[in-house]
Amino acid sequence: MLSLGLTVNATLVDWGSLLKDCAHKEWGGLLGSLYYQRWKLFIDESLKGNIVPAEVFYTIEVAWAKETDPFPLIKLKKEKIDKIQDYILQ
(Lines give C-alpha, C1' and ligand atoms only; values in the text may rest on other atoms or scores of the structure.)
Protein backbone atom coordinates (compact mmCIF):
# COMPACT_ATOMS: atom_id res chain seq x y z
CA MET A 1 0.00 0.00 0.00
CA LEU A 2 1.32 3.44 -0.92
CA SER A 3 1.67 6.06 1.74
CA LEU A 4 -0.30 9.26 1.35
CA GLY A 5 2.94 11.25 1.00
CA LEU A 6 4.18 9.05 -1.84
CA THR A 7 0.81 9.20 -3.55
CA VAL A 8 0.67 13.00 -3.38
CA ASN A 9 4.29 13.44 -4.45
CA ALA A 10 3.92 10.96 -7.28
CA THR A 11 0.88 12.76 -8.69
CA LEU A 12 2.89 15.97 -8.86
CA VAL A 13 5.33 14.47 -11.35
CA ASP A 14 3.69 11.38 -12.86
CA TRP A 15 0.15 11.19 -14.25
CA GLY A 16 0.57 7.83 -15.93
CA SER A 17 2.99 6.10 -18.20
CA LEU A 18 2.65 8.58 -21.08
CA LEU A 19 1.93 11.81 -19.24
CA LYS A 20 4.79 13.29 -17.23
CA ASP A 21 4.90 16.61 -15.42
CA CYS A 22 1.92 17.89 -17.40
CA ALA A 23 1.15 21.05 -15.42
CA HIS A 24 3.11 23.88 -13.87
CA LYS A 25 3.02 23.53 -10.08
CA GLU A 26 4.65 25.54 -7.32
CA TRP A 27 3.70 23.59 -4.21
CA GLY A 28 5.74 24.52 -1.14
CA GLY A 29 9.26 23.23 -1.56
CA LEU A 30 8.73 21.80 -5.05
CA LEU A 31 10.72 24.47 -6.86
CA GLY A 32 13.66 24.29 -4.47
CA SER A 33 13.84 20.53 -4.35
CA LEU A 34 12.68 18.53 -7.36
CA TYR A 35 12.66 21.26 -9.99
CA TYR A 36 16.04 22.58 -8.84
CA GLN A 37 17.61 19.10 -9.13
CA ARG A 38 16.23 18.56 -12.61
CA TRP A 39 17.16 22.00 -13.99
CA LYS A 40 20.64 21.89 -12.45
CA LEU A 41 21.32 18.53 -14.07
CA PHE A 42 19.89 19.69 -17.40
CA ILE A 43 21.90 22.92 -17.45
CA ASP A 44 25.15 21.37 -16.22
CA GLU A 45 24.99 18.60 -18.82
CA SER A 46 23.86 20.95 -21.60
CA LEU A 47 26.87 23.18 -20.98
CA LYS A 48 29.05 20.10 -21.51
CA GLY A 49 27.20 19.32 -24.75
CA ASN A 50 25.40 16.31 -23.28
CA ILE A 51 21.74 15.33 -23.50
CA VAL A 52 20.27 13.81 -20.36
CA PRO A 53 18.12 10.76 -21.12
CA ALA A 54 14.50 10.93 -19.93
CA GLU A 55 15.13 7.86 -17.76
CA VAL A 56 17.55 9.87 -15.61
CA PHE A 57 14.89 12.49 -14.91
CA TYR A 58 12.38 9.75 -14.15
CA THR A 59 14.79 8.22 -11.62
CA ILE A 60 15.15 11.61 -9.92
CA GLU A 61 11.36 12.04 -9.81
CA VAL A 62 10.77 8.58 -8.32
CA ALA A 63 13.42 9.13 -5.65
CA TRP A 64 11.89 12.52 -4.80
CA ALA A 65 8.37 11.06 -4.63
CA LYS A 66 9.56 8.35 -2.23
CA GLU A 67 11.04 10.82 0.26
CA THR A 68 9.04 10.55 3.46
CA ASP A 69 9.64 14.06 4.79
CA PRO A 70 10.98 16.26 2.00
CA PHE A 71 9.84 19.50 3.62
CA PRO A 72 10.41 19.67 7.37
CA LEU A 73 7.88 21.66 9.34
CA ILE A 74 9.01 24.96 10.78
CA LYS A 75 7.75 25.56 14.30
CA LEU A 76 6.54 29.11 14.86
CA LYS A 77 6.16 30.80 18.19
CA LYS A 78 2.65 31.81 19.18
CA GLU A 79 3.53 35.50 18.81
CA LYS A 80 4.57 34.95 15.19
CA ILE A 81 1.41 32.95 14.44
CA ASP A 82 -0.73 35.70 16.01
CA LYS A 83 1.05 38.34 13.92
CA ILE A 84 0.47 36.39 10.71
CA GLN A 85 -3.17 35.78 11.62
CA ASP A 86 -3.74 39.46 12.39
CA TYR A 87 -2.18 40.42 9.04
CA ILE A 88 -4.38 37.97 7.14
CA LEU A 89 -7.58 39.02 8.90
CA GLN A 90 -7.08 42.77 8.39
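Keep in mind that what you see is a predicted model, and the values were worked out from it rather than measured.
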Out of curiosity, [X] [atom1] to [Y] [atom2], how far, rounded to the nearest 0.5 Å?
X   : Y   : atom1 : atom2 : answer
L89 : D82 : CG    : CG    : 10.5 Å
E61 : T59 : CD    : OG1   : 9.0 Å
I60 : L34 : CD1   : CG    : 8.0 Å

Looking at every heavy atom in both Q37 and W64, which two are closest together, and how far apart are they?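 Scanning both residues completely, I find the closest heavy atoms to be NE2-CD1, 4.3 Å.
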
A side-chain contact here means heavy atoms from C-beta on lying under 4.5 Å apart; do V62 and K66 qualify?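 Sidechains of K66 and V62: in contact.
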
Are any of the side-chain heavy atoms of Q85 and I88 separated by less than 4.5 Å? no

Do Y36 and W39 belong together in a cluster built from hydrophobic side chains that touch within less than 4.5 Å? no

Counting only pairs under 3.5 Å, give me each side-chain donor-acceptor contact of residues 43-55, with atom names and distances, residues two or more places apart or in other chains.
from	atom 1	to	atom 2	distance (Å)
D44	OD2	K40	NZ	2.7
E45	OE1	N50	ND2	2.8
E45	OE2	K48	NZ	3.4
S46	OG	F42	O	2.7

